[in-house]
Amino acid sequence: MEEEMHTDAKIRAETGAGSSPRGPGCSLRHFACEQNLLSRPDGSASFLQGDTSVLAGVYGPAEVKVSKEIFNKATLEVILRPKIGLPGVAEKSRERLIRNTCEAVVLGTLHPRTSITVVLQVVSDAGSLLACCLNAACMALVDAGVPMRALFCGVTCALDSDGTLVLDPTSKQEKEARAVLTFAVDNVERKLLMSSTKGLFSDAEGSAPSTNQSLPRSSSSAWLRPRRLRNTSSASTGNRCRGVTPRAETSWGRGPLPPPPPTHPLQPEANQRPSLASRSYGLM
Amino acid sequence: MAMEMRLPVARKPLSERLGRDTKKHLVVPGDTITTDTGFMRGHGTYMGEEKLIASVAGSVERVNKLICVKALKTRYIGEVGDIVVGRITEVQQKRWKVETNSRLDSVLLLSSMNLPGGELRRRSAEDELAMRGFLQEGDLISAEVQAVFSDGAVSLHTRSLKYGKLGQGVLVQVSPSLVKRQKTHFHDLPCGASVILGNNGFIWIYPTPEHKEEEAGGFMANLEPVSLADREVISRLRNCIVSLVTQRMMLYDTSILYCYEASLPHQIKDILKPEIMEEIVMETRQRLLEQEG
């Protein structure tokens, strides 16, 4: 039984090198995902966003070394390998962000004293790398059958000097932007799981209701609705879903985003200030 | 020497000729299954604010009042009485750790292992020191599940003479959900080989021993060279099992035998080609349907 993904939004194909400027508000680059492509890991997925591509493999729940075991829940480990060179400090910090996001979502208490390992390999990097890694990790965890509370998605936004917001920026747009923000949102209650920000932005842009609605809501609605699982019981290997870029104005029938919790990362302050903040917090 | 190369091409969806009667209810983690609180929750679900929510991606199965979500791929979950084939990973004090494709390594206690000669006595300190002489790291054994611990780890025993260390043969690792549960998992196929269908997805194909000696499955592995005819039969069986697995068919002695017979006109190495695989499995399916109905 096959289920195709149907949506009435237009597909906007984005070529690799700095193509036509996208409209404000927000469309994503062409994205695609394939699951079950590796034979050894329990679950694997490859996620493409435009030209950025990440391959993820999940092993687990499996045996854990006694030094690393936690008595009442599963030990989650994330390993991120860059395309060239050895992993460095940037990879370690990304690993921590991805691990905290996954820990918030994976039901670790069902498998005490086991380990779940997520291995991510960057195949190509053309902007929004952290978001692509988060998406690939989520699809790989789903493919492995690891029990999770919800699905999550990652999206990167870039604010350029005149305040326009671009979702899913290319590397060129990221370099020219004033601020780059990455969010991870879950699909049940659309709560924010993780945010990582870099650059200068004002509170008005960050926490004002309009931007607040457009930032996480457009990002989450952009990813979560088209993401359905194709039944693989009839397919031999792998399943593939083609992504389309919906417009941000379409409402998906889930209602407006709840008001930001008091611990919103983008704190209300009157001045612009530089921020290299990365915060990750769980679903509570 | 001629070489054949195959390149990846867009996959065709498998057709509907199997007659799936009802549309399955597919869910992803976070989807609400039902808001009715009268149901008991099974595997793959969790309770969140009076709603039953799925925790894995798969199809919803309902048996009377029990709702569970069956994921596509899981590791082996042990049940008492299952036959498993496993590989020794560690030799510890008074027990061996066996890898059986489950979440935690299985455990084979020294007291659950039958000693050579089938004698029954208390295991002494000398037995403990001689453990490595019985089973080393890397050995393959067949065993039965004795008990399941609370964290999911499985305790094995080889208390019968038909279990024990495995000698020469071929191991095929498949998904545990494809092995059908039957009364017996040790089969002597009429084509000339024997097969052990482990519930954990490890399948062992070996040449049928000529005479059933008392110590079959004991510690002495038979290292005599296997004849070419036997080896061909074993390779053909292995390729048939791999083709059944790629077409997601259940594995049991009848299906393996029919697949073997359907593959006889082809050469052994041709069985792994996708179009021949489809042809063979289709024939197997037809024969199985005829046999049932």
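Values below: all heavy atoms of this structure, side chains included; hydrogens, waters and symmetry mates excluded. Below, chain A is the first sequence line, B the second, and so on; all start at residue 1.
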### Engaged part of A:Val146 at the chain B interface, taking heavy atoms whose separation is under 4.5 Å
backbone
In terms of heavy-atom contacts, does [atom1] of [X] have more than 12 from other residues, nucleotides or ligands at under 6.0 Å?
X        : atom1 : answer
B:Glu50  : CD    : no
B:Arg6   : CZ    : yes
B:Lys273 : NZ    : yes
B:Gln93  : CD    : no
B:His266 : NE2   : yes

## Note on the structure
With chain A, the option among B:Arg75, B:Gln173, B:Lys97 that has the most non-hydrogen atom pairs under 4.5 Å is B:Arg75
### Task
With a 4.5 Å cut-off on heavy-atom pairs, point out which of B:Pro29, B:Ala54, B:Ala71 contacts chain A the most.
B:Pro29
### Query
Do the side chains of B:Val56 and A:Met148 get nearer than 4.5 Å, heavy atoms only?
no
#### Entry: Among the listed options A:Gly145, A:Pro147, A:Gly43, the residue most often paired with chain B at heavy-atom distances under 4.5 Å
A:Pro147
### Heavy-atom donor-acceptor pair, A:Glu63 side chain to B:Leu104 backbone, under 3.5 Å
no
#### Entry: Interface residues of residues 111-120 of chain A facing chain B - non-hydrogen atoms under 4.5 Å apart
A:His111, A:Arg113, A:Thr114
### Query
Which heavy atom in B:Ser55 sits nearest to a heavy atom in A:Leu107, and how many Å separate them?
CB-CD1, 3.6 Å
### Query
Do you know the tightest heavy-atom contact between A:Asn187 and B:Gly30?
OD1-CA, 4.2 Å
## Note on the structure
The reported gap from CG in B:Asp31 to CG in A:Leu151 (rounded to nearest 0.5 angstrom) is 7.5 Å
